[in-house]
K.L.:
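Mind looking over this structure? Questions follow.
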Amino acid sequence: MVVSLAEKKEYWRWAEHCWVDETCDWRAAQRVTAGIDVGSVSSQAVVCVDGKLLGYHSTRTGNDSPDSARRALDGVLDKSGMTLADIHYIVGTGYGRVNVPFAHKTLTEIACHARGANYMVGPTVRTLLDMGGQDCKAIRCDERGKVTQFLMNDKCAAGTGRGMEVIADLMQIPVSELGARSFDIDAEPPAVSSICVVFAKSEALGMLKAGYTKNKVIAAYCQAMAERVVALIERVGVDPAGDFFITGGIAKNPGVVKRIERLLGVNAVHSPWDSQIAGALGAALFAHTLLQKQAAKAA
Amino acid sequence: MIANYGYQDGSGAYYIRIDTDCCIDCVSRPCLAACPQRLFEVVVDDYDDEVIQVAEAHRRTLAADCAACKPAAGAVRLPCVAACPSEALKHDW
């Protein structure tokens, strides 16, 4: 049977978000800053006014990083009635940060995630796990959101959002439902043993053929992802004196988050903000600080 | 800041750990010349400090790049680790 493109569902596709605080009058602000996080899978733009979050837009990264950055920012601009000229300073971050043509400065996503998490959770956050589209970072930070230690793995897609998208497509279940479905099982299966996403996909297929339910295969994959990420975070250690926070798209998958918590013996704190905006938010806050420094120098 | 550069894959974990706070006051930066593979470079980090980092091009190939300096290849002590006056450099494997 031939399936047309129109019939083929994109199970991997996650919901894109755009939000603007309509009660905020940005025209009265002293400093309007933006952070653009062009990741390997998603791009986010955050606009801050005087160091407070005005709005954000999270969208899929295309094959053209400057275009992805522009689309991400346009979402906030359109909704807030702002133009690019109204933004005083822009910081680019993420995998595609060097391709943000309108950025005044670029910073690594490691520093930006820590700063963003500090805003999203508060000064109590000390350990941060960013589960991005194609990499994973374990970060320790201080009460100001300054990085004290970091480790990242961007060589292997195991433990990343892209890996979960692959499983969503294989199972033909929307990626947003995978987490909940991974708990709808009679008993916890052994984790998928392959460390590589490509082989894990083959192993998952084998499990289906062996009679495992889809939910059980998803549970096995979520457990494998949690185990890999925990091995990574244990190399930097979880600071017992502070909060543990997870950012990135996988933070929205309870199937992985709960299993990470179980393995680490630590509960992750929650934030009212979208977990995917941490990097862009941190970049916008860095932009605000840089503007303040410039003003202080000029005075 | 403790920076861990490297990766973990099916064959193991390969990370070089640099305590970049030690690099700020290090004038001579002997690690740069000590590495036969020229793995290290000086950069200004996100907090405006001049520090050492593992060059992007080497971060995913450390197991191969460092192999010639490892005990299995006959080396007694890693040249980069021996060169650092602050003991700020460590290999995890």
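What you see is a predicted model; the values in this text were computed from it and never measured. Note on naming: letters A, B, ... go to the chains in the order of the sequence lines (proteins, then strands), and numbering restarts at 1 for each one.
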K.L.:
Under 3.5 Å, side chain of A:N153 to main-chain N/O of B:Q8, donor-acceptor pair present?
P.N.:
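Yes, A:N153 side chain to B:Q8 backbone: donor-acceptor pair under 3.5 Å.
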K.L.:
Name, in order of residue number, those residues of residues 46-61 of chain B that have a heavy atom at a distance of less than 4.5 Å from a heavy atom in chain A; otherwise write 'none'.
P.N.:
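Under the 4.5 Å heavy-atom cut-off, B:D46, B:Y47, B:D48, B:R60 qualify.
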K.L.:
Sub-4.5 Å heavy-atom contacts with chain B: which residues of residues 233-245 of chain A show up?
P.N.:
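Residues in range: A:R235, A:V236.
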K.L.:
Heavy-atom pairs under 4.5 Å with chain A are the metric here; pick the option from B:I2, B:D92, B:T20, B:D19 that has the most.
P.N.:
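That would be B:I2.
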K.L.:
Are there residues of residues 291-299 of chain A whose heavy atoms fall under 4.5 Å of chain B's heavy atoms? If so, which?
P.N.:
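Residues in range: none.
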K.L.:
Between B:Y15 and A:M152, which heavy-atom pair has the shortest distance, and what is it?
P.N.:
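Answer, listing the atom of B:Y15 first, then A:M152: OH-O, 3.3 Å.
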K.L.:
Considering only heavy atoms, give the residues of residues 138-148 of chain A separated from chain B by less than 4.5 Å, sorted numerically, with 'none' for an empty result.
P.N.:
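Hits under 4.5 Å: A:G145, A:K146, A:V147, A:T148.
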K.L.:
Please classify the contact of A:I110 with chain B as side chain, backbone, both or neither, using a heavy-atom distance under 4.5 Å.
P.N.:
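For A:I110, there is no contact with chain B at all, as no heavy atom is under 4.5 Å.
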